[in-house]
Enquirer: 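This structure is in structure tokens; I'll ask about it shortly.
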Amino acid sequence: MDKFLLQQQVLERLADDLQQVEQAARAAHETATHEENIAENKYDTLGLEAAYLATGQARRAEAIRQAIAHWRQFRPLPYDASKGIQLGALVCLVDADEQQHQLFLGPAGGSMKLLSGEQSVQVISCEAPLGRAMLGKCEGDEVSIQLAQNRQQFEVQRVH
């Protein structure tokens, strides 16, 4: 799998997300400022609710812009076994059921699933519990995380 192509897919998906969020923010802003939505009494809150929604959408758009900036600056390095798994690693984990999981460890804001040929790749950040648990691990090492009442364990099969 080509890390550069995965990075491009992440950037394309983030750009699509940004476009959708900006459209939603514009629509919410128009609703909030439309003359028909001026409150006539204290129970008439449509304009206020739309304003809250517009603010939330604007914050989401800014978060996506920051993620795009991080992903544009991101330069995944080749795997160095002496350092173990680091940001930019493409990792194959195997769970207790012998199921393989392909993971691409990227900067914040890119949590998504991508397709690389027929292969599904989960993009995660170092801030995700599994991302943190993988840092510094090498091929053959165990990775475990606690999710609610369940402990999940994986073995690092391959790292690129």
Side-chain angles (χ1 to χ4, degrees), residues 1-29 49-50 52-160:
M1 275 181 243
D2 187 336
K3 294 179 187 181
F4 177 75
L5 292 177
L6 291 173
Q7 181 179 9
Q8 294 308 307
Q9 286 184 38
V10 169
L11 285 167
E12 289 169 11
R13 181 87 61 87
L14 287 171
D16 289 345
D17 290 350
L18 180 59
Q19 184 178 9
Q20 289 175 359
V21 168
E22 285 176 337
Q23 282 179 325
R26 278 191 300 276
H29 181 268
E49 291 168 8
Y52 287 142
L53 182 59
T55 299
Q57 296 289 11
R59 286 184 184 142
R60 177 73 181 125
E62 183 55 33
I64 294 171
R65 281 188 205 94
Q66 288 178 4
I68 289 171
H70 287 126
W71 277 91
R72 282 185 179 149
Q73 294 172 356
F74 177 54
R75 300 292 176 258
L77 299 173
Y79 173 63
D80 181 351
S82 68
K83 293 181 182 178
I85 295 172
Q86 299 294 315
L87 184 66
L90 190 55
V91 182
C92 177
L93 297 180
V94 177
D95 63 20
D97 298 327
E98 298 296 319
Q99 205 169 20
Q100 291 186 353
H101 304 272
Q102 302 294 328
L103 303 164
F104 184 39
L105 198 57
S111 182
M112 61 186 69
K113 271 200 176 177
L114 304 174
L115 281 177
S116 178
E118 299 285 319
Q119 192 86 39
S120 176
V121 178
Q122 177 70 46
V123 180
I124 63 171
S125 77
C126 295
E127 294 153 7
L130 184 55
R132 277 194 308 268
M134 287 191 311
L135 289 175
K137 302 287 185 184
C138 298
E139 291 180 358
D141 287 350
E142 271 195 15
V143 176
S144 71
I145 57 172
Q146 185 76 32
L147 296 174
Q149 301 298 321
N150 300 326
R151 183 159 226 36
Q152 292 187 337
Q153 291 192 271
F154 304 91
E155 181 182 337
V156 179
Q157 190 173 59
R158 287 184 313 276
V159 184
H160 299 282

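Predicted model only: the values in this text are computed from it and were never measured. We're numbering straight along the sequence, starting at 1. All values below come from the heavy atoms of this structure, side chains included, with hydrogens, waters and symmetry mates left out.
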Enquirer: Taking side chain as C-beta onward, heavy atoms only, is V159 less than 4.5 Å from L90?
Expert: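 They are not in contact (no side-chain heavy atoms under 4.5 Å apart), so the answer is no.
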
Enquirer: Quick check: closest heavy atoms across C138 and G84, and the distance to 0.1 Å?
Expert: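 That would be SG-CA, 3.8 Å.
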
Enquirer: For Q9 and L115, indicate whether the former's side chain and the latter's backbone hold a donor-acceptor pair under 3.5 Å.
Expert: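 Answer holds: yes.
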
Enquirer: Could you please spell out the steps behind the side-chain contact (heavy atoms from CB on, under 4.5 Å) verdict for Q152 and L130?
Expert: CA-CA 10 Å; Q152 292 187 337; L130 184 55; over 6 Å; no

Enquirer: How many angstroms lie between NZ in K137 and CD in Q86, if you round to the nearest 0.5 Å?
Expert: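 Reported to 0.5 Å precision, the distance equals 12.5 Å.
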
Enquirer: Could you tell me the separation between the CG atom of L93 and the CD atom of Q99, rounded to the nearest 0.5 Å?
Expert: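 With rounding to 0.5 Å, CG (L93) is 12.0 Å from CD (Q99).
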
Enquirer: Specify the closest pair of heavy atoms between S125 and A108, including all atoms of both residues, with the distance to one decimal.
Expert: CB-CA, 3.9 Å

Enquirer: Could you pull out the closest heavy-atom pair between L135 and L87, with the gap in Å?
Expert: CD2-N, 4.4 Å

Enquirer: Within the distance-only criterion (no hydrogens, no angle test), does the side chain of Q153 pair as donor or acceptor with the backbone N or O of A96 below 3.5 angstrom?
Expert: no

Enquirer: Compare every heavy atom of F74 with every heavy atom of G106, then report the nearest pair and how far apart it is.
Expert: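 In this case the closest contact between G106 and F74 is CA-CZ, 4.2 Å.
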
Enquirer: How about L5 and S116: do any of their side-chain heavy atoms sit closer than 4.5 Å?
Expert: no

Enquirer: Given side chains that start at C-beta, do those of L114 and V123 come closer than 4.5 Å, heavy atoms only?
Expert: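 Touching, per the 4.5 Å side-chain cut-off.
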
Enquirer: What's the separation between atom CD1 in I124 and atom CE in M134, rounded to the nearest 0.5 Å?
Expert: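 Here the interatomic distance stands at 4.0 Å.
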
Enquirer: Looking at every heavy atom in both A133 and S144, which two are closest together, and how far apart are they?
Expert: CB-O, 3.9 Å

Enquirer: Give the ring-plane orientation class for F104 versus W71, where under 30° counts as parallel, over 60° as perpendicular and anything between as tilted.
Expert: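 F104 vs W71 ring planes: tilted.
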
Enquirer: Give a yes or no answer on whether the side chain of R75 reaches the backbone of R72 with a donor-acceptor pair at less than 3.5 Å.
Expert: yes

Enquirer: Could you state the interatomic distance from CD (Q122) to CD (Q102), rounded to the nearest 0.5 Å?
Expert: 11.5 Å

Enquirer: Is the CZ atom of R60 crowded by more than 12 outside heavy atoms at less than 6.0 Å?
Expert: no

Enquirer: Do any N or O atoms from the side chain of R132 and from the backbone of E127 form a donor-acceptor pair under 3.5 angstrom?
Expert: yes

Enquirer: Considering non-hydrogen atoms only, spot the tightest contact between L14 and I64 and give its length.
Expert: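 Closest pair (atom of L14, atom of I64, distance): O-CG2, 3.4 Å.
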
Enquirer: Is there a donor-acceptor pair under 3.5 Å between the side chain of Q146 and the backbone N or O of A148?
Expert: yes

Enquirer: Could you point out which residue of R158, H101, Q100 forms a side-chain contact (heavy atoms from CB on, under 4.5 Å) with V94?
Expert: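 The option that passes is Q100.
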
Enquirer: Scan residues 110-130 for pairs that pass ring-ring contact (aromatic ring centres under 6.0 Å, His included), counting only residues two or more places apart or in two chains.
Expert: none

Enquirer: Strictly distance-based, threshold 3.5 Å: is any side-chain N or O of R13 a donor or acceptor partner for the main-chain N or O of K113?
Expert: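 Confirmed, R13 side chain pairs with K113 backbone.
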
Enquirer: Decide yes or no on salt bridge (Lys or Arg N to Asp or Glu O under 4.0 Å) for E62 and R59, but give the supporting numbers first.
Expert: CA-CA 5 Å; E62 183 55 33; R59 286 184 184 142; over 6 Å; no

Enquirer: Measure the spacing between CD of Q57 and NE2 of H29 and express it to the nearest 0.5 Å.
Expert: 13.5 Å

Enquirer: Taking D2 for the side chain and F4 for the main chain, is one N or O donor matched with an acceptor at less than 3.5 Å?
Expert: yes

Enquirer: For the pair K3 (side chain) and L77 (backbone), establish whether a donor and an acceptor sit closer than 3.5 Å, ignoring hydrogens and angles.
Expert: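 Indeed, once roles are kept as given, a pair shorter than 3.5 Å links the two residues.
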
Enquirer: Working to the nearest 0.5 Å, report the span between CG of L105 and CD1 of I85.
Expert: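 Reported value, rounded in 0.5 Å steps: 7.5 Å.
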
